[in-house]
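Note sheet for the following structure.
Within every chain, numbering begins at 1; the chains are lettered A, B, ... in the order of the sequence lines, protein sequences first and strands thereafter.
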Protein chains: 2
Amino acid sequence: MTQVAEKNRDRISRRQVDKFAERRAQLADAALVTLAELGYARTSLREIAQNSEFSHGVLHYYFRDKADLIMACVRQYNAYCVTRYDQIVATSQSADELKRDFAAGLAKTLREDTAMHRLWYDLRTQSLFEQSFQADVAEIDKSLERMIWRIVSQFAELAGSPPAVSAEVAYAIFDGLFQQGLLKHLSGDTGAASELQAHAELLMGKLVVG
Amino acid sequence: MTQVAEKNRDRISRRQVDKFAERRAQLADAALVTLAELGYARTSLREIAQNSEFSHGVLHYYFRDKADLIMACVRQYNAYCVTRYDQIVATSQSADELKRDFAAGLAKTLREDTAMHRLWYDLRTQSLFEQSFQADVAEIDKSLERMIWRIVSQFAELAGSPPAVSAEVAYAIFDGLFQQGLLKHLSGDTGAASELQAHAELLMGKLVVG
DNA sequence: GAGTTTCTTGGACGATTGTCAAGATTTTTC
DNA sequence: GAAAAATCTTGACAATCGTCCAAGAAACTC
């Protein structure tokens, strides 16, 4: 086989892989919408297909089984949120500004991405029962922890004092706050988002020694 | 109808009601075990019946439908945990003792009641999707919040300084800590419980001003 | 443009689900 | 202890589930 032919085959193969991966992402995206609407327990492959432009059979062409699809969704979800506050961290000039912008960002995504957040909590809880989800969920949780830690440590630096808690504790705190906010928001409490905003601002101040 | 006959009928009726309620509680208890093992999404009525001494048909004699059974389980769960720390609150002589005992209690129940806790998080998350669960879940969540608040406010009193956060925020924080601990504990991290203990002790100190 | 591969469809399958009802069994009533 | 009421078992039902497959449509190769 000539070098040219080999290169050519590689290019083609790569193109096929890309197309395959692209369609997988499309289907995972469509699945995310349905999952976020119905939750893990009530979502079937047929329902996912019906809410997309594909048939239910095609799902098994791109995914080994249901668990494979769900895990792809979980990974896809990661992209939605992990870099959400990086802009804020990079451009903030003062501790106060960072604190305000972060709290406002939390409230905004609680209001706008409600369904996606509840899906995350759903899938994370499923990982407590299904061992096959654990690794991927743990990895995403860790990346969320790092995201929070970037904010907290940058805040501490701008404030001129070291953080008073570890990355794990900081994440656990804001995650707990957010989840409570989500529960209230979804039960019809229209003030839940602004309460979350106030609470986050308050707590961020307490997470650095002073 | 004589007064005696009326009284008699009432007594009988009450006995029947009690028996009915008692068996409902038995069945809900059995259902709790299976639910805690498999999670909401994977638990069927037949599976629940199989793990009990009854047949699957009897479930529909005591419960209108599956949702009715699940809600009875949620309510039953409430009794397990709401008064868990009241003894500690009542007998603690100093802020340090209360803090230590509370943190130790958290770690203990994380280790010993693992499955029941993950069921609670599962059902609470389901309430984000199923409106019919929302009222009961919110009520239990509120009672857990009050439980945490009894501890925090008693700690603040013993420490001689007012709490630095509201009841909602205090609960959100400890709930977030506990959930992270549960995730780690169930993924095989044998140090999760003692880490939770240390984190809870650390944070309790920070939740009062001064 | 024929031949080959890749992609997609829609139906069929066996298993499982929640629900229900008819009948057997037990408990209660008088 | 017979009649009545309650409790419980068993089997059946329609629906839905994940999975698989044969055949058609589309894309690609030479």
Side-chain angles (χ1 to χ4, degrees), chain A residues 1-2 4-28 30-31 34-35 38-73 126 130 132, chain B residues 1-2 4-28 30-31 34-35 38-73 126 130 132:
Chain A
M1 186 183 287
T2 68
V4 173
E6 196 175 323
K7 252 190 174 174
N8 209 31
R9 200 194 53 175
D10 276 7
R11 187 176 50 78
I12 291 170
S13 165
R14 191 158 44 246
R15 193 172 63 201
Q16 281 175 347
V17 169
D18 286 353
K19 271 188 70 173
F20 192 82
E22 194 177 329
R23 175 112 315 168
R24 258 179 77 100
Q26 275 180 28
L27 289 169
T34 304
L35 273 169
L38 301 179
Y40 174 82
R42 285 158 292 278
T43 299
S44 69
L45 296 179
R46 284 176 170 80
E47 186 77 31
I48 290 174
Q50 210 152 16
N51 289 8
S52 79
E53 50 180 347
F54 303 100
S55 67
H56 71 268
V58 81
L59 288 172
H60 278 89
Y61 185 80
Y62 287 96
F63 300 95
R64 198 181 339 107
D65 53 18
K66 192 184 182 183
D68 190 26
L69 168 60
I70 302 291
M71 287 210 304
C73 290
Q126 295 313 310
E130 289 217 10
S132 57
Chain B
M1 186 180 289
T2 67
V4 174
E6 196 173 321
K7 249 189 175 173
N8 209 30
R9 200 193 55 177
D10 276 9
R11 186 175 49 78
I12 291 168
S13 165
R14 191 158 45 245
R15 194 172 62 201
Q16 283 174 348
V17 169
D18 286 352
K19 272 189 71 173
F20 191 82
E22 195 178 328
R23 173 110 318 164
R24 258 179 78 101
Q26 275 181 28
L27 289 169
T34 305
L35 273 169
L38 301 178
Y40 175 81
R42 284 159 292 279
T43 299
S44 68
L45 296 179
R46 283 174 171 79
E47 187 76 31
I48 290 173
Q50 210 152 16
N51 290 7
S52 79
E53 49 178 350
F54 304 99
S55 68
H56 71 267
V58 80
L59 289 172
H60 277 89
Y61 184 79
Y62 287 96
F63 300 96
R64 198 183 337 106
D65 53 19
K66 190 182 182 180
D68 189 25
L69 169 59
I70 301 291
M71 287 210 303
C73 289
Q126 294 313 311
E130 288 216 11
S132 57

> Quick one: is B:Lys19 getting a side-chain N or O under 4.0 Å of the C:dT28 phosphate, OP1 or OP2?
Replying inline: yes
What does the list of N/O pairs under 3.5 Å between the protein and nucleotides 15-21 of chain C look like, with a distance for each?
from	atom 1	to	atom 2	distance (Å)
C:dT17	OP1	B:Ser44	OG	3.3
C:dG18	OP1	B:Lys66	NZ	2.7
C:dG18	OP2	B:Leu45	N	3.0
C:dG18	N7	B:Arg46	NH1	2.7
C:dG18	O6	B:Arg46	NH2	3.0
C:dT19	OP2	B:His60	NE2	3.1
C:dT19	OP2	B:Lys66	N	3.0
C:dT19	O4	B:Arg46	NH2	3.3

Tell me: [atom1] of [X] to [atom2] of [N], nearest whole Å?
X: A:Gln50; N: D:dT16; atom1: CD; atom2: P; answer: 11 Å
X: B:Phe54; N: C:dT25; atom1: CZ; atom2: C1'; answer: 15 Å
X: A:Glu22; N: D:dA27; atom1: CD; atom2: C1'; answer: 15 Å
X: B:Phe20; N: D:dT7; atom1: CZ; atom2: P; answer: 7 Å
X: A:Leu27; N: C:dC7; atom1: CG; atom2: P; answer: 12 Å
X: A:Leu38; N: D:dT16; atom1: CG; atom2: C1'; answer: 14 Å
X: B:Tyr61; N: C:dT25; atom1: OH; atom2: P; answer: 17 Å
X: A:Leu59; N: C:dG10; atom1: CG; atom2: P; answer: 13 Å

> Could you state the interatomic distance from CG (A:Leu35) to CD1 (A:Ile48), rounded to the nearest 0.5 Å?
Replying inline: 5.0 Å
> From A:Asn51 CG over to A:Thr34 OG1, what is the distance, rounded to the nearest 0.5 angstrom?
Replying inline: 3.5 Å
>> Strictly by salt bridge (Lys or Arg N to Asp or Glu O under 4.0 Å), give each pair with a member in residues 38-51 of chain A just once, sequence neighbours left out.
In response: A:Arg42-B:Glu130
>> What contact category does A:Phe63 fall into here, base, sugar-phosphate, or nothing, at under 4.0 angstrom with non-hydrogen atoms?
In response: nothing
>> So B:Tyr40 and A:Tyr40, do their side chains get closer than 4.5 Å, heavy atoms only?
In response: no
> Can you find a pair of side-chain heavy atoms, one from B:Asp68 and one from B:Arg24, that are under 4.5 Å apart?
Replying inline: yes
> For A:Ala67, which residues count as a side chain to side chain contact (heavy atoms under 4.5 Å, CB included) partner, sequence neighbours excluded?
Replying inline: A:Asp65, A:Phe133
